[in-house]
Amino acid sequence: MSKTFTVDAFHRGAFHVMQPKGGGHRSGVDAMLLAALVADDKPIHVADLGAGAGAAGLAVGSRLPSARIDLIERSPLMADYARRSLELPENALLKDRVHVIEADVTLTGKPRIAAGLLDEIYDHVIMNPPFNDASDRKTPDALKADAHAMTENLFETWIRTAGAIMKPGGQLSLIARPQSVAEIIQACGKRFGGLEITLLHPRPDESATRLLLTAIKGSRARLTFRAPLVVHGPDGHAFAPFVDDLNNGRAAYSRLSPRRSPSQASR
């Protein structure tokens, strides 16, 4: 009987992720670039919303040895893959710092708290939410469709939860399609300020296909569009050197403006 999963190495073998084979969401470069947005030299508590098998959260933990990570995933099957990933011998150094919470990130109020998503406990919240439009080509795989399909008010509900579970002055980080920029900015609203947005271009002469965003809870700083990142050179599929460092956990993509203390963020 053939395997229904693969075990994939990330950060050049620093950690491994067990993922469904041919179904569900399979993590790759997007997850690694999302993880690179967390740049903090202090002990931190990080929530990975919609974590899937846990690649992005594990990448944060792999690069930052003092970080504690909660992988928050609604799908019982994908949450099980995350738990099985933590049991891999290659992840022995991460196991005690990473936990799986099986919960729907769109919950609010008492149901959210009862599911384990407590108020104001995280320093960082990261997310790679589903971003396929309803008009995109459908996949026959139900698990993959659920992981990829954008629902109405998705960014509003996910960012609302991020704001509720994050400490004042905490950092939101996400990766999405550029077409969603207006929805994301609107969802951040008065919850988050100091938005820094970077467009990712596959090659120098190609349009952006992703955006990276960081924002600070309670900040009143203005929006900044950063210089774009080009993922590949003009020829071939090799990563540009800095993107390769981000993808393999050798570098972080730090904010231009440092995070402020909670007291400063609320001013």
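Atom-to-atom distance recorded for R97:CZ and L86:CG is 11.0 Å, nearest 0.5 angstrom. We find the CG-CZ distance between L211 and R226 to be 13.0 Å, quoted to the nearest 0.5 Å. Taking OG of S85 as the reference point, atom CG of D80 lies at 9.5 Å (rounded to 0.5 Å). Considering CG of D30 and CE of M32, their distance stands at 9.5 Å, rounded to 0.5 Å. To the nearest 0.5 Å, the span separating OG on S62 from NE2 on H16 amounts to 11.0 Å. Remark: S180 OG to L213 CG distance equals 11.5 Å, nearest 0.5 Å.
Side-chain contact between I159 and I184 is present, with heavy atoms from C-beta onward closer than 4.5 Å. Counting only heavy atoms from C-beta outward, the side chains of R84 and F5 approach each other to under 4.5 Å. Side-chain contact between P20 and T4: absent, with no pair of heavy atoms (C-beta onward) separated by less than 4.5 Å. The side-chain heavy atoms of E206 and H201, taken from C-beta on, include no pair separated by under 4.5 Å. Using a 4.5 Å cut-off on side-chain heavy atoms (C-beta onward), I165 and L118 make no contact. Contact of the D70 side chain with the V46 side chain is not registered, since no non-hydrogen atoms from C-beta on lie closer than 4.5 Å. Residues P178 and L199 are in side-chain contact: their nearest non-hydrogen atoms beyond the backbone lie under 4.5 Å apart. Proximity of L117 to I72: side-chain heavy atoms (C-beta onward) are separated by under 4.5 Å at one or more points.
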- Report the C-alpha distance between V100 and E73 in whole Å, list the side-chain angles of each, state the deciding distance to 0.1 Å, and finish with yes or no for side chain to side chain contact (heavy atoms under 4.5 Å, CB included). CA-CA 8 Å; V100 178; E73 174 55 43; 5.5 Å; no

- Apply side chain to side chain contact (heavy atoms under 4.5 Å, CB included) to the pair V7 and V17, showing each step before the final yes or no. CA-CA 5 Å; V7 176; V17 180; over 6 Å; no

- Query: side chain to side chain contact (heavy atoms under 4.5 Å, CB included) between L49 and V125: does it pass, once the steps are laid out?
  - Reply: CA-CA 7 Å; L49 298 189; V125 176; 3.7 Å; yes

- Item | Step-by-step side chain to side chain contact (heavy atoms under 4.5 Å, CB included) determination, I121 to M166 | CA-CA 6 Å; I121 63 170; M166 185 188 300; over 6 Å; no

- Would you check, one step at a time, whether the test salt bridge (charged side-chain N to carboxylate O under 4.0 Å, His left out) holds for E156 with R191? CA-CA 11 Å; E156 170 63 26; R191 301 178 180 113; 2.7 Å; yes

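By the side chain to side chain donor-acceptor pair (under 3.5 Å) test, E120 pairs with K217, sequence neighbours left out. When the side-chain contact (heavy atoms from CB on, under 4.5 Å) test is applied to V38, the partners found at least two apart in sequence or on another chain are I44, V60, R63, L64, H124, I126. The ring pair (Phe, Tyr, Trp, His ring centres under 6.0 Å) check on F10 picks up F15, with sequence neighbours excluded.
Sorted by first and then second residue, the pairs that involve residues 27-64 and meet ring pair (Phe, Tyr, Trp, His ring centres under 6.0 Å), not counting sequence neighbours, are H45-Y122. Applying the ring pair (Phe, Tyr, Trp, His ring centres under 6.0 Å) rule to pairs touching residues 46-79 yields nothing, sequence neighbours excluded.
One finds no salt bridge joining R74 and E102 here, because no Lys/Arg side-chain nitrogen approaches an Asp/Glu carboxylate oxygen to under 4.0 Å. Salt-bridge check for R12 with D244: passed, with a basic side-chain N closer than 4.0 Å to an acidic carboxylate O. Using a 4.0 Å cut-off between a side-chain N of Lys or Arg and a carboxylate O of Asp or Glu, R222 and E196 do not qualify as a salt bridge.
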Per-pair distances, 0.1 Å, donor-acceptor, side chain in residues 228-239, under 3.5 Å, sequence neighbours excluded:
unit_1, atom_1, unit_2, atom_2, d
H232, ND1, H237, O, 3.0
H232, ND1, A238, O, 3.3
H237, ND1, R203, NH2, 3.4

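No donor-acceptor pair under 3.5 Å is formed between the side chain of R255 and the backbone N or O of I216. S219 places a side-chain N or O within 3.5 Å of a backbone atom of A221 that can act as its donor or acceptor partner.
Q171 and D123 are not linked by any side-chain donor-acceptor pair at a separation below 3.5 angstrom, with hydrogens and angles left out of the test. One side chain, Y253 or T198, offers a donor N or O that lies under 3.5 Å from an acceptor on the other.
For the residue pair L246 and A252, the shortest heavy atom distance occurs at CD2-C, 3.7 Å. Counting all heavy atoms, side chain and backbone alike, V98 lies closest to L58 at CG2-CD2, 4.1 Å. The shortest non-hydrogen separation linking L34 to S173 is CD1-O, 3.6 Å. Summarising the geometry of A115 relative to A103, their closest heavy-atom pair is CB-CB, 3.8 Å, with the distance given to 0.1 Å. Smallest separation of non-hydrogen atoms from I69 and G61: CD1-N, 4.1 Å. Between H11 and N248, the shortest heavy-atom contact is CD2-C, 3.3 Å.
Clustering ILVMFWY residues whenever any of their side-chain heavy atoms sit less than 4.5 angstrom apart, transitively, puts L223 in the very cluster that holds F155. In the hydrophobic clustering of ILVMFWY residues, with side-chain heavy atoms under 4.5 Å counting as a link, L172 and V181 come out together.
The number of heavy atoms from other shown groups lying within 6.0 Å of CG (L93) does not exceed 12.
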